[in-house]
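The structure appears below as structure tokens.
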Amino acid sequence: MPSILRVDPPRATNFQSDEDRLFVKSVGRAMQVLSAFHHASGPLSLTEVAKNAGIDRSAAQRLIHTLLKLGYIRRSADDHGYLPGFRLLDHTLDLLRLDPVVQKATPVLLELRKTIRERVDFSLYDETRLIYAFRIQSKRETFYATLVGHSVPTPCTAGGRAALSALPDAEAQEIVKRSTIPEYTAKTETDSEKIMALIRQARSDGFALVVNEFVQGEVAIGVAVTNRDGLPLGAIHVAGSLSEWTPKDFVDQAAPVTLEAARAINGSL
């Protein structure tokens, strides 16, 4: 999956109101500084951090200094800019090891990968995007695509449509309308009504199927992972190459075992 498919997370801005007395604005600004790197392609200068974070240069300088001392920001190797610090990885580990959905899903997905021997992903549902929390890649994948934290638009993927199929129609439609839907390939469906029809089909089938829409030459199915109330927590994706599978054969092989894997996770959280 090429890096251009990444969807940047929302910036940490405008989350507080003036009436929220518990909100610590300095912490919010620190998160804005860290969020400045979401859109970066390399080290950022102080001026670039301030601009991306939406704060003045003086405030950015103080916050960067503090975060640098704490290890959440570091200087680039050439000492000409700033990069996220290694301490952030500690928090990524905490999230993944403590999240009950990921805990429950991991052994199930490892077994699924042994069975299907194709790419297996698990993503967490965040309304207009899915965030990959677990990825076992095939030999076809790029390094960038192997990284957890990669996010994609919910309506564009098999897993996203499966997750939306677990919602009432009106709620799913509202999320589709709020989503940005890039044309990743010539086959990407961008019409909201047609996407809703595909979501309804996924609700009927129990899984969503995407062919050539997200990655050219790829077929993928997605199955929702839900809580005790049947609401989406995330989705399992299984993807294969159209050079090796027809869509029908892939569904015949992958859908039953993926549905079984989802049933082993669903309703336990």
Side-chain angles (χ1 to χ4, degrees), residues 1-9 38-39 41 109 112-113 115-126 128-165 172 175-202 205-224 234-259:
M1 185 181 296
S3 62
I4 58 170
L5 298 185
R6 185 173 188 268
V7 171
D8 288 309
H38 292 333
H39 303 269
S41 57
L109 297 171
L112 174 62
R113 178 61 169 80
T115 301
I116 193 62
R117 301 184 66 81
E118 286 289 355
R119 191 183 87 220
V120 174
D121 302 326
F122 178 69
S123 55
L124 297 172
Y125 171 72
D126 189 29
T128 59
R129 64 184 183 134
L130 293 183
I131 308 168
Y132 288 104
F134 181 99
R135 311 207 75 180
I136 307 178
Q137 302 299 327
S138 73
K139 61 187 178 183
R140 298 182 298 272
E141 306 307 317
T142 65
F143 164 73
Y144 188 85
T146 68
L147 301 179
V148 298
H150 189 93
S151 58
V152 293
T154 305
C156 296
T157 65
R161 291 174 188 172
L164 292 174
S165 75
I175 291 170
V176 170
K177 288 182 177 179
R178 280 198 287 119
S179 300
T180 299
I181 307 174
E183 291 187 25
Y184 291 118
T185 76
K187 299 289 187 181
T188 303
E189 184 56 71
T190 59
D191 181 88
S192 61
E193 289 306 317
K194 291 180 180 178
I195 289 173
M196 282 305 303
L198 293 168
I199 290 169
R200 295 181 188 108
Q201 184 65 50
D205 294 339
F207 63 89
L209 174 67
V210 166
V211 181
N212 275 328
E213 283 194 62
F214 193 62
V215 177
Q216 188 67 39
E218 182 178 273
V219 55
I221 67 165
V223 177
I236 301 171
H237 317 234
V238 179
S241 172
L242 289 170
S243 66
E244 300 172 8
W245 298 91
T246 66
K248 182 181 185 305
D249 288 343
F250 190 75
V251 167
D252 289 345
Q253 290 293 317
V257 292
T258 308
L259 286 163

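Quick note: residue numbers are just sequence positions, from 1. What you see below is based on every heavy atom in this structure, not just the backbone, and it leaves out hydrogens, waters and symmetry mates.
Donor-acceptor pairing under 3.5 Å is lacking for the side chains of Asp249 and Gln253.
Pro182 and Thr190 make their closest contact through O-CG2, 4.4 Å (heavy atoms, listed as atom of the first residue, atom of the second, distance). The shortest non-hydrogen separation linking Ala220 to Ala158 is O-CB, 3.7 Å. Pairing each heavy atom of Gly222 with each of Ala162, the nearest pair is O-CB, 3.3 Å. When all heavy atoms of Asn212 and Gln216 are compared, the pair lying nearest together is OD1-NE2, 3.4 Å. Glu189 and Leu198 get closest at one heavy-atom pair: CG-CD1, 4.4 Å. Across His237 and Gly160, no two heavy atoms sit closer than the pair CE1-N, 4.5 Å.
Here Arg161 contributes atom CZ and Glu213 contributes atom CD; the two are 4.0 Å apart, rounded to the nearest 0.5 Å. The line from CG of Leu259 to CD1 of Ile221 is 6.5 Å long, rounded to the nearest 0.5 Å. Atom CG of Leu164 sits about 9.5 Å away from atom CD1 of Ile195, to the nearest 0.5 Å. Leu242 CG to Glu218 CD: the interatomic distance, rounded to the nearest 0.5 Å, is 8.0 Å. Within the model, atoms CD1 of Ile175 and OG1 of Thr128 stand 8.0 Å from one another, a figure rounded to the nearest 0.5 Å. For the atom pair CG of Leu109 and OG1 of Thr258, the computed distance is 9.5 Å after rounding to the nearest 0.5 Å.
The ring pair (Phe, Tyr, Trp, His ring centres under 6.0 Å) search around Phe250 returns Trp245, not counting sequence neighbours.
Each of Val219, Val257, Thr115, Ile116 was checked for a side-chain contact (heavy atoms from CB on, under 4.5 Å) with Val238, and the lone residue meeting it is Ile116.
Using a 4.5 Å heavy-atom cutoff, the side chains of Ile181 and Pro153 are not in contact. Looking only at side-chain heavy atoms (C-beta outward), Tyr125 and Leu130 come within less than 4.5 Å of each other. Side chains of Val211 and Lys187 form no contact here, defined as non-hydrogen atoms less than 4.5 Å apart. In this structure, Asp205 and Val251 have side chains that are not in contact, with every pair of non-hydrogen atoms separated by 4.5 Å or more.
Ring-plane geometry between Tyr132 and His150 is classed as tilted, the angle between the planes lying from 30 to 60 degrees on a 0 to 90 degree scale.
No donor-acceptor pair under 3.5 Å is formed between the side chain of Arg135 and the backbone N or O of Phe122.
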